[in-house]
Peer 1: 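Dumping the structure here so I can ask a few things about it.
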Number of protein chains: 2
Amino acid sequence: MKLGQVTIVDIAKELNISPSTVSRALKDYPGISDETKEKVKALAAKWSYRPNAVAMSLRRSKSFTIGVIIPEVVHFFFSTVISGVEEIAFSNGYNVILCQTNESLAREKSSIETMLSNQIDGLLVSFSKETVDFEHFKKLIDINFPIVFFDRVPDLENTVNVTVNDFQGAFEAVKHLIAQGCTKIVHLAGPKNLDISKQRQKGYMEALKQANIPLNQDWIIECPKGTQEESFQITKEIFEKSPVPDGVFASNDIAAAGSMMALKSLGLKIPENVGVVGFSDWQFSAMIDPPLSTVSQHGFNIGQTATKLLLDLIDKKKEAITTREHRTIVLETELIIRQSSQRKKF
Amino acid sequence: MKLGQVTIVDIAKELNISPSTVSRALKDYPGISDETKEKVKALAAKWSYRPNAVAMSLRRSKSFTIGVIIPEVVHFFFSTVISGVEEIAFSNGYNVILCQTNESLAREKSSIETMLSNQIDGLLVSFSKETVDFEHFKKLIDINFPIVFFDRVPDLENTVNVTVNDFQGAFEAVKHLIAQGCTKIVHLAGPKNLDISKQRQKGYMEALKQANIPLNQDWIIECPKGTQEESFQITKEIFEKSPVPDGVFASNDIAAAGSMMALKSLGLKIPENVGVVGFSDWQFSAMIDPPLSTVSQHGFNIGQTATKLLLDLIDKKKEAITTREHRTIVLETELIIRQSSQRKKF
DNA sequence: TTGTATGCGTTATCAC
DNA sequence: GTGATAACGCATACAA
């Protein structure tokens, strides 16, 4: 019984055969006698031989590892996505190596470098809020490196993206608020440099337009940080002015929750005085008071879809199919109506 | 300008020097002329040379990668831990490769195999609820493989563990409930095979004992799944019987939330009729109605601490210090008092 | 059916 | 100061 890592050579020596025979026996190559196979496999099992994936990576120029770059792990949506990624990757024999950027561009760049150094076969990215220039991604795309963007997608050519229909999701959320009798609806918008923020804002505007409600630019407020405190503050300021709004559409649930706290502190009732809808369906959203209506993005599904696409790209690359197509998969959102917006029942 | 991966050999050829010289120049080895260094570094930069970490791993038998095994990514506590792990790993030049077991033992085993195959330098583990036999870990510990357990720690010798003081946390939570006037306190316990569950239950019992409150075994109910639905159901059943309890101490916040919903549905007021305290301080806990009192575990800190310990173990192994010590770092918890348990103010 | 030789990219150890 | 060589563990083209 050997200590530490047993190699193919150890087995070969013990059985007085060549390493290549061992290698072939272990992989059921045709043209190896059953007897040899048996012997090799038995000893491999006995010594609990474990192939060295690093050596295989080097030899075959393939690591069976994909990298995932996300802004933050501690973010319900992203952790859901990771879960989906991990699921598909694992069942296809791939490993997942993870880096969070903490919304920093510098960290994003260095993480990518490290991952490339580690010979990842492909990359899954949701870039940071600081990322406005996409050169570091463009370089990879130009050399046809498999990469799939999700949720936050760049304005670049020849990319493969997975997003949800943010426009439609926002549109329906606001349409719902209007149907519930809201006419003065504030939009707590996300960071301006993210396309998802723009789309959600567009959806908001389109819903107002279709209902012939005039747009009040003062009621579109950017929440760059997206924290509760921020939206708490912003909501307070707006609702202390006149005219007082009767609806809030927040671009994420955390902002919505902060907003709800502010409304409560002002003595306003939800949904009677103000209807509120968020975005993302965080885990807490069903549990707060009142339960928050929101737009679900199905993060698990995004993760799965993005990973499947990435594995496709990796396979295609292997087959030397170099025609790279630009593709964006848009998954549908789902409006989840809870109490925070149900004014018609009250 | 070369396409694809540039190697040390490419640079050597271009400059008509040997690969070893290039290697040394890049790492500022003594005994290389400044001129050569300049030339090499310039070309490396120009061609954006990126060292092949896989080749280095093979050569040096060190991958600068650590594996993390957790039950679920979509679990606020664990995602917080990951965040801490990633932080320390990254700043020490290590990569993090992640596998979730989904609470399955089979998956736990195969994940570990894969990671070992990938030559990880160390392992961070919080094992699955199914894991009652620790042979697969024992094997690793016996060969002195660097491994640190966190949160859920095994009953094995010579392990390095990071936990929080679950006993003390539970003790203080229940003591607080008693101080708030609760005398009939139910305990929604965690899975029996986890030490953390046992500790929390002990803390619960000790607090009762010190207050001379007789223990009612019927009021310790195991919630093996830990879902909201489960604790909702269990709570309903208990509170429909007589005598009706006036306090709930749940071994996690999700269970507490489910319990609170059940209480509300029974027309009971929180905290007036029933005081509730949870465990873990999930993100949603401050936002539900009423805000949930809970015991914070400081997951980020756990992740950081465990990773630091692991890197220590890895370094020690390198130095061939083989005296393995058994060590358990116990981090303190923090009782966070919110409305769900504040009966004295009402 | 099996063995030999070579190379994946890097670096430590000699040698010059 | 620099170069040649071997080795990390494995897979495979080519021999036998």
Side-chain angles (χ1 to χ4, degrees), chain A residues 2-41 43-44 47-65 93 114 116-121 318, chain B residues 2-41 43-44 47-65 93 114 116-121 318:
Chain A
K2 291 211 26 156
L3 252 188
Q5 193 68 309
V6 179
T7 74
I8 251 175
V9 179
D10 297 322
I11 296 179
K13 278 186 187 150
E14 176 75 12
L15 299 177
N16 280 316
I17 55 181
S18 80
S20 37
T21 304
V22 176
S23 172
R24 288 185 278 233
L26 287 171
K27 329 195 91 188
D28 278 324
Y29 253 60
I32 295 283
S33 72
D34 286 347
E35 194 198 336
T36 312
K37 273 189 199 172
E38 302 275 311
K39 275 198 308 186
V40 169
K41 287 186 174 175
L43 188 57
W47 282 358
S48 56
Y49 164 77
R50 181 183 300 125
N52 184 324
V54 168
M56 282 172 58
S57 294
L58 185 59
R59 178 66 235 268
R60 316 202 359 201
S61 307
K62 176 142 172 64
S63 64
F64 280 96
T65 299
T114 311
L116 291 177
S117 234
N118 280 278
Q119 312 301 112
I120 50 166
D121 295 333
K318 196 171 99 191
Chain B
K2 290 214 24 158
L3 252 188
Q5 192 69 307
V6 179
T7 75
I8 255 176
V9 179
D10 296 322
I11 296 179
K13 278 188 187 149
E14 176 76 11
L15 299 176
N16 278 319
I17 55 181
S18 82
S20 13
T21 305
V22 175
S23 172
R24 288 186 277 234
L26 287 171
K27 332 194 89 184
D28 279 324
Y29 253 61
I32 295 283
S33 72
D34 287 348
E35 194 197 335
T36 313
K37 274 188 199 170
E38 301 276 309
K39 272 197 312 189
V40 169
K41 287 186 175 175
L43 188 57
W47 281 357
S48 54
Y49 163 77
R50 181 182 302 123
N52 184 323
V54 168
M56 282 171 60
S57 295
L58 184 60
R59 182 67 238 263
R60 314 199 5 199
S61 307
K62 175 143 173 63
S63 63
F64 280 96
T65 299
T114 311
L116 291 176
S117 235
N118 280 277
Q119 311 301 113
I120 50 167
D121 294 333
K318 198 170 99 193

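The analysis underlying the following values was restricted to heavy atoms, covering all of them including side chains, and did not include hydrogens, waters or symmetry mates. Order of the sequence lines sets the chain letters (A, B, ...), proteins ahead of strands, with each chain counted from 1.
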Peer 1: May I have the distance from A:Leu116 (atom CG) to C:dG9 (atom P), rounded to whole angstrom?
Peer 2: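 It works out to 15 Å between those atoms.
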Peer 1: Between the side chain of A:Asn52 and the main-chain N/O of A:Val54, is any donor-acceptor distance below 3.5 Å?
Peer 2: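 Yes, the answer is positive, given that a donor and an acceptor are paired below the 3.5 Å cut-off.
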Peer 1: Rounded off to whole Å, could you give me the CG-to-P distance for the B:Asp10 and C:dC8 pair?
Peer 2: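 Answer to the nearest Å: 10 Å.
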Peer 1: In this structure, how many angstroms lie between the C1' atom of D:dG3 and the CD1 atom of B:Ile32, rounded?
Peer 2: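 One finds 10 Å between C1' of D:dG3 and CD1 of B:Ile32, rounded.
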Peer 1: Could you give the distance from CG (B:Leu15) to OG1 (B:Thr21), rounded to the nearest 0.5 Å?
Peer 2: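 It is 10.0 Å, given to the nearest 0.5 Å.
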Peer 1: Could you run down nucleotides 7-16 of chain D 5' to 3' and tag each one B, S or - for protein heavy-atom contact under 4.0 Å?
Peer 2: BBBBBBB---
Peer 1: Determine whether a donor-acceptor pair (N or O, by modelled atom type, separation under 3.5 Å) exists between the side chain of A:Ser23 and the backbone of A:Pro19.
Peer 2: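 No: the side chain of A:Ser23 does not pair with the backbone of A:Pro19.
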Peer 1: Measure CG/A:Asn16 against C1'/C:dT1 and give the value in whole Å, please.
Peer 2: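 Distance check: A:Asn16 CG to C:dT1 C1' gives 17 Å.
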Peer 1: Check every strand shown and say whether A:Ser57 touches a base, only sugar-phosphate, or nothing at a heavy-atom separation below 4.0 Å.
Peer 2: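 Nothing: the residue A:Ser57, judged by heavy atoms under 4.0 Å, touches no strand.
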Peer 1: Does a side-chain N or O of A:Thr21 approach OP1 or OP2 of C:dT1 to a distance below 4.0 Å, or not?
Peer 2: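 Checking A:Thr21 against C:dT1: no side-chain N or O falls below 4.0 Å of OP1 or OP2.
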Peer 1: Write down the distance between CD1 (B:Ile11) and P (C:dT11), rounded to a whole number of angstrom.
Peer 2: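 Taking CD1 of B:Ile11 and P of C:dT11, I get 11 Å after rounding.
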Peer 1: Hey, could you give me each pair passing salt bridge (Lys or Arg N to Asp or Glu O under 4.0 Å) that has a residue in residues 47-58 of chain B? Not counting sequence neighbours.
Peer 2: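 Found A:Glu113-B:Arg50.
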Peer 1: Using side chain to side chain contact (heavy atoms under 4.5 Å, CB included) as the criterion, point out the one residue from B:Asp28, B:Val22, B:Ile11 that pairs with B:Lys41.
Peer 2: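 Only one of B:Asp28, B:Val22, B:Ile11 forms a side chain to side chain contact (heavy atoms under 4.5 Å, CB included) with B:Lys41, namely B:Asp28.
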Peer 1: Any donor and acceptor pair, going by atom type alone, linking the side chain of A:Ser117 with main-chain N or O of B:Pro51 inside 3.5 Å?
Peer 2: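 Yes.
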